[in-house]
Amino acid sequence: MATAVAAERDAVARAIDAAPPEFRPALDCVAVGVGPAAAAAGTATALTTAALRGEPYGLVVSAGIGGGFQPAAPVGSLVVADAIVAADLGAETGEGFLPVTELGFGTVTHTPPAALVRAAAAACGARTGTVLTVSTVTGTARRAAELSGRHPGAVAEAMEGFGVAEAAAAHGVPVLEVRAVSNPVGPRDRAAWRIGDALAALTGAFTRLAPVLATEPDEESP
Ligand SMILES: O=C(O)c1cccc(C(=O)CC[C@H]2O[C@@H](n3cnc4c(=O)[nH]cnc43)[C@H](O)[C@@H]2O)c1
């Protein structure tokens, strides 16, 4: 489990530690830092350390708070990513933004296992959709509309998912992203953030997700 900051890690760990032993997943919670680069470095380090220990991870979960696109993901709601997309990895041109894939290299999308996404969303009552990874928090209606226009399936944005997913992919491990919405994506309004509520929602989500994450992948329905 990779979160950006300690408050998110503790919100998830509270739920996991409280799960009954038979439903408690063997899960390490690590705060890997804010932003895609720190998230990739921290997650890759954790994956490599576990592999060298002879106990490789079978799943990586990127979890934390995030901004919700309105009206798809209201503040306080939960989102499970069915696609994890690097929204600002590319080039600006006179004709608009070009993702790196159109420049001929890299990747901008990671796709979590569909059955796991369905099971996780059903367990915690989350919406599913694209979760964008950005290096700059959206702060204007114009940028929010631009991102929604380029990514019609986007329900949320955050800053780590794609970095976590890149590290997981490098280790051949599946990835999941779960976000509790702390603020709307749009004009900057710090008074509208509900970080405490979102952290409580994250704990609630992982209370209900624990049995899903404790299930061996081959026990899942397709
Ligand atoms: O200063 C601001 O206007 C501002 C607005 C929203 C979030 C921030 C942060 O610095 C939080 C970054 C942190 O939390 C995640 N997060 C939460 N909301 C968003 C968002 O709307 N867009 C992107 N990231 C968000 C993010 O994953 C970071 O870990 C500042």
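All ligand and atom numbering here is 1-based and tracks the order in the structure.
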Contacting atoms of ligand 1, where contact means under 4.0 angstrom from a heavy atom of [X]:
X: A4; value: 29 (O)
X: S182; value: 17 (C), 18 (N)
X: R179; value: 27 (O)
X: G66; value: 16 (N), 17 (C), 18 (N), 19 (C)
X: G67; value: 18 (N), 19 (C), 20 (C), 21 (O)

For [Y], is there an ion pair with [X] - N to carboxylate O distance below 4.0 angstrom?
X: R24; Y: E22; answer: no
X: R143; Y: E157; answer: no
X: E146; Y: R150; answer: yes

Taking N or O atoms only and a 3.5 Å limit, does [X] qualify as a polar contact for ligand 1?
X: A158; result: no
X: E157; result: yes
X: N183; result: yes
X: E8; result: no

Q) Is there at least one protein heavy-atom neighbour under 4.0 Å from atom 6 (C) of ligand 1? A)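 Within 4.0 Å of atom 6 (C) of ligand 1, protein heavy atoms are found.
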(Q) Closer than 4.0 Å and a protein heavy atom, does any atom meet both conditions relative to atom 10 (O) of ligand 1? (A)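 Answer no: nothing from the protein, no heavy atom, is under 4.0 Å.
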Taking atom [atom1] of [X] and atom [atom2] of [Y], what is their separation to the nearest 0.5 Å?
X: L59; Y: L116; atom1: CG; atom2: CG; answer: 6.0 Å
X: T43; Y: M1; atom1: OG1; atom2: CE; answer: 11.0 Å
X: S135; Y: M159; atom1: OG; atom2: CE; answer: 6.5 Å
X: F69; Y: L132; atom1: CZ; atom2: CG; answer: 5.0 Å

May I ask you to identify the nearest protein heavy atom to [atom], giving residue, atom name and distance to one decimal place in Å?
atom: atom 29 (O) of ligand 1; result: E160 OE2, 2.7 Å
atom: atom 4 (C) of ligand 1; result: W193 CZ2, 2.7 Å
atom: atom 1 (O) of ligand 1; result: R188 NH2, 2.6 Å

Q: State if G139 counts as touching ligand 1 under the rule of any non-hydrogen atom under 4.0 Å.
A: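 No, that is not the case, since the closest heavy atom of the residue is not under 4.0 Å from the ligand.
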Q. Which pairs with one or both residues in residues 89-110 pass ring pair (Phe, Tyr, Trp, His ring centres under 6.0 Å), sequence neighbours excluded?
A.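 Pairs touching residues 89-110 that pass the test: H110-F162.
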Q: List in chain and number order the residues that pass side chain to side chain contact (heavy atoms under 4.5 Å, CB included) with A198, two or more places apart in sequence or in another chain; answer none if no residue qualifies.
A: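 Applying side chain to side chain contact (heavy atoms under 4.5 Å, CB included) to A198 gives I65, A180, S182.
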(Q) Nearest non-hydrogen contact with atom 14 (O) of ligand 1 belongs to which option: I195, V34, I65? (A)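 Looking at heavy atoms only, the winner is I65.
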Q) At a non-hydrogen distance cut-off of under 4.0 Å, which region of M159 contacts ligand 1 (side chain, backbone, both, or neither)? A)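 Both backbone and side chain.
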Q: Quick one: closest heavy-atom pair of A40 and A167, and the distance?
A: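 Here A40 and A167 meet closest at O-CB, 3.6 Å.
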Q | Contact summary for D88 and T136, nearest pair of heavy atoms | A |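 Closest heavy-atom pair between D88 and T136: OD2-N, 4.0 Å.
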